[in-house]
Amino acid sequence: MNILVTGGCGFIGSNFILYWLKRYPNDFVINLDKLTYAGNPQNLSSEENNSHYKFVKGDITDDRLVDELISKVDTVVHFAAESHVDRSISGPSVFVQTNVLGTEILLEKAVKHKVKRFHHISTDEVFGALKTSDTSKFSERTNYNPRSPYSASKAGSDHLVRAFYHTYGLPTTITNCSNNFGPFQHPEKLIPLAITNLLEGKKVPVYGKGNQIRDWLYVEDHCRAIETVLQKGEAGQTYCVGGLTEDILNLEVIKLIIKLLGKSEEEIEFVKDRPGHDEKYSIDWSKIKNELGWKPLHSFEEWLKITVEWYKEHQEWWKKIKNEEWKRYYQRQYDQ
Ligand code: NAD
Ligand code: TYD
């Protein structure tokens, strides 16, 4: 396969490229990434001399560049996005630019060059939010009801992907997955933020009372799910992907991390809640399990332990990200 991966220097994209090149060393991967604050080419330093891997710095809204790159591949795996809810609240415009317009440009070029598969990575946040007390879960049949600029822009991109399947016959697939965690995740997100702050002797900021619920998916399980959909998924279909968490509150996640690091619960700091904070996400992944045979490999607790160890062993990696620019972001976000 010749694959164009977009956003391959980000968290999930870089895990996917490393996973793919290890499993399929004869395939070719082109990675198109703009290197925003979230992109880190160091994640792929092991592939620098791999003749089956090529990095191209560029923007998915660059029509000419996208045209040229898509003409060279048969498959597109589209991760590139602005991905952090808090940043979408303080600056929504770039979310529409990259997530909606960027996706549309990729789709147009994919039609033009007749790619065999366009796989779009999306989120469960497009379905809105459940109540903490709800026992129901999001599934492929749930109506869209996004509530943040981030999830609204991802919903827009999902609609475009489906429209290109129906209108132009582009062989698309979509995965809507839950919150990922694991190696190479930017420390702006809850789990790496908690681990790295604790390792630095700093407190962990918890929004509101910490009683929101997320469905946690280990990034390697997610990469395996994308692989499964690329190989066995049906064009035009959507697959929901989630983890093995059972309704765990944010506060309980933090307490687990504190325990794994041998720290004290006094390190928890309750801070101002996020505006429009979605209470709960929970995902029913029975379709991908029953139809394609995918399921997560380990429990949340097992993967969390592995994740905590990774951040302990890769302090140089995240300390470089927690630079002066990060400190300014952190102050704007938390010192209010
Ligand atoms: P990330 O923010 O870590 O990485 C995004 C990457 O895209 C970065 O490398 C960035 O430089 C690149 N990028 C941004 N704008 C670009 C542009 N205009 N052109 C080219 N490259 C650009 O994101 P992530 O956590 O790896 O998420 C990847 C995808 O998965 C996103 O589409 C996101 O919506 C989706 N997703 C993520 C999660 C999660 O928990 N992280 C959950 C569900 C869905
Ligand atoms: P996050 O990792 O930003 O992912 P998302 O908003 O896409 O779910 O946040 C996960 C949960 O953790 C969410 O309920 C918000 C909460 N949270 C905090 O309590 N404190 C923080 O500093 C951050 C970043 C998130």
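For reference, positions follow the sequence shown, starting with 1.
- Ile306 and Ile12 fall within the same hydrophobic cluster, where Ile, Leu, Val, Met, Phe, Trp and Tyr residues are linked whenever their side-chain heavy atoms come under 4.5 Å apart, directly or through other members.
- Between Phe28 and Tyr53, the distance from one ring center to the other does not fall under 6.0 angstrom.
- Aromatic rings of Tyr144 and His159 (six-membered ring for Trp) have centroids within the 6.0 Å cut-off, being under it.
- Under the 4.0 Å criterion applied to side-chain N and carboxylate O atoms, Lys154 and Glu125 are not assigned as salt-bridge partners.
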Q | side chain to side chain donor-acceptor pair (under 3.5 Å) assessment of Asp74 paired with His113 | A | CA-CA 8 Å; Asp74 48 58; His113 294 291; over 6 Å; no
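- Taking each heavy atom of Leu199 and Leu261 in turn, the nearest pair found is CD2-CD2, 3.8 Å.
- Counted by atom type alone, Thr172 and His120 present zero donor-acceptor pairs between their side chains at under 3.5 Å.
- Here the side chain of Asp221 pairs a donor or acceptor atom with the backbone of Leu297 at under 3.5 angstrom.
- Under the 4.5 Å side-chain contact rule for hydrophobic residues, Tyr281 and Val206 do not share a cluster.
- Contact check on Glu325 versus Arg328 returns no salt bridge, with no Lys/Arg side-chain nitrogen under 4.0 Å from an Asp/Glu carboxylate oxygen.
- The backbone N or O of Gly243 lies less than 3.5 Å from a partner atom in the side chain of Trp285, making a donor-acceptor pair.
- Inter-residue side-chain proximity for Thr307 and Ile195 is flagged as met; some heavy-atom pair is nearer than 4.5 Å.
- In this pair, His186 and Trp326 present their aromatic rings tilted. The plane angle is within the 30 to 60° band.
- Ile30 has its side chain out of reach of Val5: every pair of non-hydrogen atoms, C-beta onward, lies at least 4.5 Å apart.
- Residues Leu256 and Ile248 come closest through the heavy atom pair CD1-CD1, 3.8 Å.
- Residues Ser178 and Asp215 bring a donor and an acceptor atom of their side chains to less than 3.5 Å of each other.
- Arg87 contributes no side-chain N or O that, together with a main-chain N or O of Phe95, makes up a donor-acceptor pair within less than 3.5 Å.
- If you take NZ on Lys255 and CG on Leu251, they are separated by 4.5 Å, rounding to the nearest 0.5 Å.
- With no hydrogens or angles considered, a side-chain donor-acceptor pair links Ser299 and Glu302 at under 3.5 Å.
- Contact between Met1 and Trp20 at its shortest, heavy atoms only, is CE-CZ2, 3.7 Å.
- Side-chain atoms of Tyr207 and Asp86 include a donor-acceptor pair closer than 3.5 Å.
- For the pair Phe127/Cys240, a side-chain contact is recorded, criterion being any heavy-atom separation below 4.5 Å from C-beta on.
- At distances below 3.5 Å, not a single donor-acceptor pair connects side-chain atoms of Asn40 with backbone N or O atoms of Gly10.
- Of the N and O atoms on the side chains of His119 and Thr173, at least one donor lies less than 3.5 Å from an acceptor on the other residue.
- Ring orientation note: the planes of His314 and Trp310 are close to parallel, at an angle under 30° on the 30°/60° scale.
- Using a cutoff of 4.0 Å between basic side-chain nitrogens and carboxylate oxygens, Lys280 and Asp247 are scored as salt-bridged.
- Residue Glu313 places its CD atom among more than 12 non-hydrogen atoms of other residues, nucleotides or ligands, all under 6.0 Å distant.
- Under a hydrophobic clustering in which Ile, Leu, Val, Met, Phe, Trp and Tyr are joined whenever their side-chain heavy atoms come within less than 4.5 Å, directly or via other members, Leu44 and Tyr37 fall into different clusters.
- Salt-bridge formation is detected for the pair Arg64/Glu68: a Lys NZ or Arg NE/NH1/NH2 atom is positioned less than 4.0 Å from an Asp or Glu carboxylate oxygen.
- Atom CG of Asn290 has more than 12 neighbouring heavy atoms from other residues, nucleotides or ligands inside a 6.0 Å radius.
- Using a 4.5 Å cut-off between side-chain heavy atoms of Ile, Leu, Val, Met, Phe, Trp and Tyr, with links allowed through other members, Val308 and Leu193 fall into different hydrophobic clusters.
- The minimum heavy-atom distance linking Asp59 with Val66 is given by the pair O-CG2, 4.1 Å.
- Separation of the Trp303 and Trp216 ring centroids does not fall under the 6.0 Å cut-off.
- Classification of Glu265 and Lys259 as a salt-bridged pair fails, no side-chain N sitting under 4.0 Å from a carboxylate O.
- At a cut-off of 3.5 Å, with distance as the only test, a side-chain donor of Asp158 or Ser122 sits close to an acceptor on the other residue.
- Under the 4.0 Å criterion applied to side-chain N and carboxylate O atoms, Arg147 and Asp278 are assigned as salt-bridge partners.
- For Ser148 and Arg274, the side-chain atoms include no donor-acceptor pair closer than 3.5 Å.
- Side-chain atoms of Tyr329 and Ser90, non-hydrogen and from C-beta on, never get closer than 4.5 Å to each other.
- Counting all heavy atoms, side chain and backbone alike, Cys9 lies closest to Phe55 at SG-CE1, 3.6 Å.
- Formation of a donor-acceptor pair under 3.5 Å by the Asp284 side chain with backbone atoms of Ser139 is not found in this model.
- Within the 4.5 Å cutoff, side-chain heavy atoms of His222 are placed close to those of Ile121.
- No hydrogens or angles considered: nothing links the side chains of Glu82 and Tyr150 as a donor-acceptor pair under 3.5 Å.
- Leu107 has its side chain within reach of Leu170: a pair of non-hydrogen atoms, C-beta onward, lies under 4.5 Å apart.
- Using a cut-off of 4.0 Å between Lys/Arg side-chain N and Asp/Glu carboxylate O, Glu140 and Lys287 are scored as not salt-bridged.
- By the 4.5 Å heavy-atom criterion applied to side chains, His52 and Val29 are not counted as neighbours.
- Here CG of Asp27 is found 8.0 Å from CG of Leu21. Values are rounded to the nearest 0.5 Å.
- The aromatic rings of Phe79 and Phe16 are tilted relative to each other, their planes meeting at an angle between 30° and 60°.
- For the residue pair Gln185 / Lys189, no side-chain donor-acceptor distance below 3.5 Å is found, with atom types taken as modelled.
- Hydrophobic clustering (side-chain heavy atoms under 4.5 Å, transitive across Ile, Leu, Val, Met, Phe, Trp, Tyr) keeps Phe11 apart from Val94.
- For the pair Glu200 and Lys322, the salt-bridge criterion is met [side-chain N within less than 4.0 Å of a carboxylate O].
- Listed for the Thr6 side chain is a donor-acceptor partner under 3.5 Å among the backbone atoms of Ala80.
- The closest donor-acceptor contact from the side chain of Lys232 to the backbone of Leu292 lies under 3.5 Å.
- Counted within 6.0 Å of NZ on Lys203, heavy atoms from surrounding residues, nucleotides or ligands total more than 12; the atom is thus considered enclosed.
- In this structure, Glu266 places its CD atom where only 12 or fewer heavy-atom neighbours from other residues, nucleotides or ligands lie under 6.0 Å away.
- Taking CG of Asn211 as the reference point, atom NE2 of His277 lies at 9.0 Å (rounded to 0.5 Å).
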**Q.** side chain to side chain donor-acceptor pair (under 3.5 Å) evaluation trace for Thr238 with Arg162
**A.** CA-CA 9 Å; Thr238 289; Arg162 282 197 194 92; 2.9 Å; yes
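- Residue Cys177 holds its SG atom at 7.0 Å from CD1 of Ile226, rounded to the nearest 0.5 Å.
- Asp124 and Phe138 make their closest contact through O-CE1, 3.7 Å (heavy atoms, listed as atom of the first residue, atom of the second, distance).
- For Asn197 and Tyr330, the side-chain atoms include at least one donor-acceptor pair closer than 3.5 Å.
- Remark: side-chain polar atoms of Arg117 are paired, donor with acceptor, to backbone N or O of Gly233 under 3.5 angstrom.
- With respect to the salt-bridge test (charged N to carboxylate O, under 4.0 angstrom), the residues Lys312 and Glu309 qualify.
- For the pair Lys34 and Lys57, the minimum side-chain heavy-atom distance is 4.5 Å or more.
- Checking Tyr24 against Glu227 by side-chain atom types alone, a donor-acceptor pair falls below 3.5 Å.
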